[in-house]
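One structure is given below, encoded as structure tokens.
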Amino acid sequence: MGEAPQADAPFGLLAELTHRCPLRCGYCSNPVDLVGRGDELDTARWCAVFDQARALGVLQVHLSGGEPLARKDLPELVAHAAGLGCYVNLVTSGLGLTPERLAALRGVDHVQLSVQDADEAGANLIAGVRAFEPKLRAAEAVRAAGLPLTVNVVLHRLNVDHVDALVALAERMGADRLELANTQYYGWALRNRAALLPTREQVARAGEAVEAARSRSGMEIVYVVADHHEAHPKPCMHGWGARQLTVTPDGDVLPCPAAGVIDGLGVENVRDRPLAEIWHSSPAFTAYRGFDWMREPCRSCARREVDFGGCRCQAFQLTGDAAATDPVCTLSPHRGVVDRILAGAADAPVEHRAVVR
Amino acid sequence: MTAPDAVPRLRRGVKAAYDPTRESHVVLFPEGVLVLNETAAAVVGLCDGRTSVQGIAARLAEEFDGVRADDVAELVDRLVARRVVDVDG
């Protein structure tokens, strides 16, 4: 390996505090091999991770999971991250987010609440539990606390036709922002891909519905496109090891939440090495940083500054080679793989995510 | 463009801060960070819900040379587009 490209400081840390979660969504991007409670980092270790992250340049800490409220020490973790001057974003299912619980989380700057569908039956079906009503109460608690609220909906074949109703629901919940994010196929979502993939017609209608909603709604509406239906790949993570890092419940440090799937990446752990060293010089972070790793058609492509060659994990999952062009790209010699995946989409039951304790 | 008598304020959930790592003023908001140059930091510091665009320009003129209300309005426009700032009036 040549000399590593100089890395800028990261802005964000995605802290996956736990894989435990009361929901069992089949679109979950957590890995199929979930980390159990016994292997989770303890309070002191997470606080040390936040210290190291802040010193490295991290300004935003996304407390996620799984369900971060499953951690009894969440108030301490929030307070520690906030005390360092970080912007603290709580990414939650909302289950268990009572006004009392929220009041104990001093230092949260913003709450991102997941919603599975616009109506109770559909939402509970996807979540695998009765989660709809508690989420409405959680949204109320967030509003009552005066915190900004983002509602996040992962879109797929079963709910992508409900954009208008989802916008209305998010408005009723008092959201400042609505994220409508088409499913990205990693972890459990990859396993359920055929049943989650929307049709081309569904994707086209959803795009139009989002445009119309943007022109009439006061909410900021963020739309993440269905990348398999696109001609060019997503600018995954704005480039490998460029802006954000992920720490898994057991302390692995990843350039993106899905990167654990890439064989031989050389993932390192916060228990073994300081975060700054891992960010700047570990093989996992330097492997695809910058542009030197690229081959054709990316290497000479003007779009490389736009999409950074797409997603390394997707390239690995679909071609077996993490250094290949993301096969979503119509310039990739492997685009046929994606077209065959789209052709294989079908109405089928979605397998729920496993329960981990 | 934002009117000279408009009054900008930071939106709910937006925090202005100083980052010692980057030695820069920054704005933190849901899912985003803006690293500010000296002038932008001064403008953001005056987006207090009381001072108009004209007022901000006048205050900045005490510190910096050649500050025009139009430049301040343009910067406020960009902050509004990034959903960092709201404008009253």
Side-chain angles (χ1 to χ4, degrees), chain A residues 7-14 51-62 64 81-91 107-113 142-143 145-152 174-179 181 214 218-222 224 238 242-244 275-276 279, chain B residues 1-3 5-53 72-89:
Chain A
D8 289 335
F11 286 103
L13 167 68
L14 177 66
D51 290 341
Q52 293 179 25
R54 180 69 275 272
L56 177 57
V58 164
L59 289 166
Q60 282 196 315
V61 174
H62 307 283
S64 181
L84 293 167
C86 292
Y87 192 91
V88 179
N89 180 20
L90 179 67
V91 184
V108 168
D109 291 296
H110 170 252
V111 177
Q112 180 185 311
L113 179 63
V142 173
R143 302 300 302 170
L147 289 170
L149 174 67
T150 294
V151 166
N152 175 284
D176 303 275
R177 299 169 78 243
L178 170 62
E179 287 180 1
R214 276 180 175 154
M219 285 185 306
E220 177 183 8
I221 301 178
V222 177
V224 177
H238 300 282
R243 295 193 187 177
Q244 184 167 305
L275 204 59
W279 170 262
Chain B
M1 195 159 70
T2 307
D5 59 348
V7 177
R9 71 170 73 221
L10 292 188
R11 285 177 73 109
R12 210 158 52 88
V14 176
K15 291 196 342 191
Y18 182 76
D19 176 17
T21 309
R22 293 178 181 79
E23 299 181 337
S24 296
H25 289 274
V26 293
V27 176
L28 310 175
F29 52 108
E31 311 291 332
V33 176
L34 286 183
V35 179
L36 305 173
N37 63 27
E38 199 184 0
T39 321
V43 170
V44 165
L46 290 166
C47 288
D48 54 11
R50 295 188 303 273
T51 314
S52 68
V53 165
V72 173
E74 207 175 297
L75 183 58
V76 168
D77 278 350
R78 292 211 299 272
L79 294 168
V80 168
R82 292 297 299 268
R83 300 225 168 207
V84 166
V85 159
D86 260 342
V87 175
D88 299 336

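Order of the sequence lines fixes the chain letters, A, B, ..., with proteins taken first and strands second; residue numbering starts at 1 for each chain.
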Residue pairs, two or more places apart or on separate chains, that pass ring pair (Phe, Tyr, Trp, His ring centres under 6.0 Å) and touch residues 31-51 of chain B: none

For chain B against chain A, print all donor and acceptor atom pairs separated by less than 3.5 Å.
from: B:R12; atom 1: NH1; to: A:G146; atom 2: O; distance (Å): 3.1
from: B:R12; atom 1: NH1; to: A:L147; atom 2: O; distance (Å): 3.2
from: B:R12; atom 1: NH2; to: A:D176; atom 2: OD1; distance (Å): 2.7
from: B:R12; atom 1: NH2; to: A:D176; atom 2: OD2; distance (Å): 3.0
from: B:G13; atom 1: O; to: A:Y87; atom 2: OH; distance (Å): 2.4
from: B:K15; atom 1: NZ; to: A:D109; atom 2: OD1; distance (Å): 3.1
from: B:K15; atom 1: NZ; to: A:D109; atom 2: OD2; distance (Å): 3.4
from: B:D19; atom 1: OD1; to: A:R54; atom 2: NH2; distance (Å): 2.7
from: B:T21; atom 1: OG1; to: A:R54; atom 2: NH2; distance (Å): 3.4
from: B:R22; atom 1: NH1; to: A:G57; atom 2: O; distance (Å): 2.7
from: B:R22; atom 1: NH2; to: A:A9; atom 2: O; distance (Å): 3.3
from: B:R22; atom 1: NH2; to: A:P10; atom 2: O; distance (Å): 3.0
from: B:R22; atom 1: NH2; to: A:G57; atom 2: O; distance (Å): 3.2
from: B:F29; atom 1: O; to: A:Q60; atom 2: NE2; distance (Å): 2.6
from: B:E31; atom 1: OE2; to: A:N89; atom 2: ND2; distance (Å): 3.1
from: B:G32; atom 1: N; to: A:Q60; atom 2: OE1; distance (Å): 3.4
from: B:G32; atom 1: O; to: A:Q60; atom 2: NE2; distance (Å): 3.2

Give the interface residues of residues 33-43 of chain B toward chain A, defined by a heavy-atom separation under 4.5 Å. B:V33, B:V35

Looking at every non-hydrogen atom in both residues, tell me the closest pair between A:P148 and B:G13 and how far apart they are. CG-CA, 3.4 Å

With sequence neighbours excluded, residues passing side chain to side chain contact (heavy atoms under 4.5 Å, CB included) with B:A17: B:V26, B:L28

Count the heavy-atom pairs under 4.5 Å between each of A:L59, A:V222, A:L56 and chain B, then report the option with the highest count. A:L59

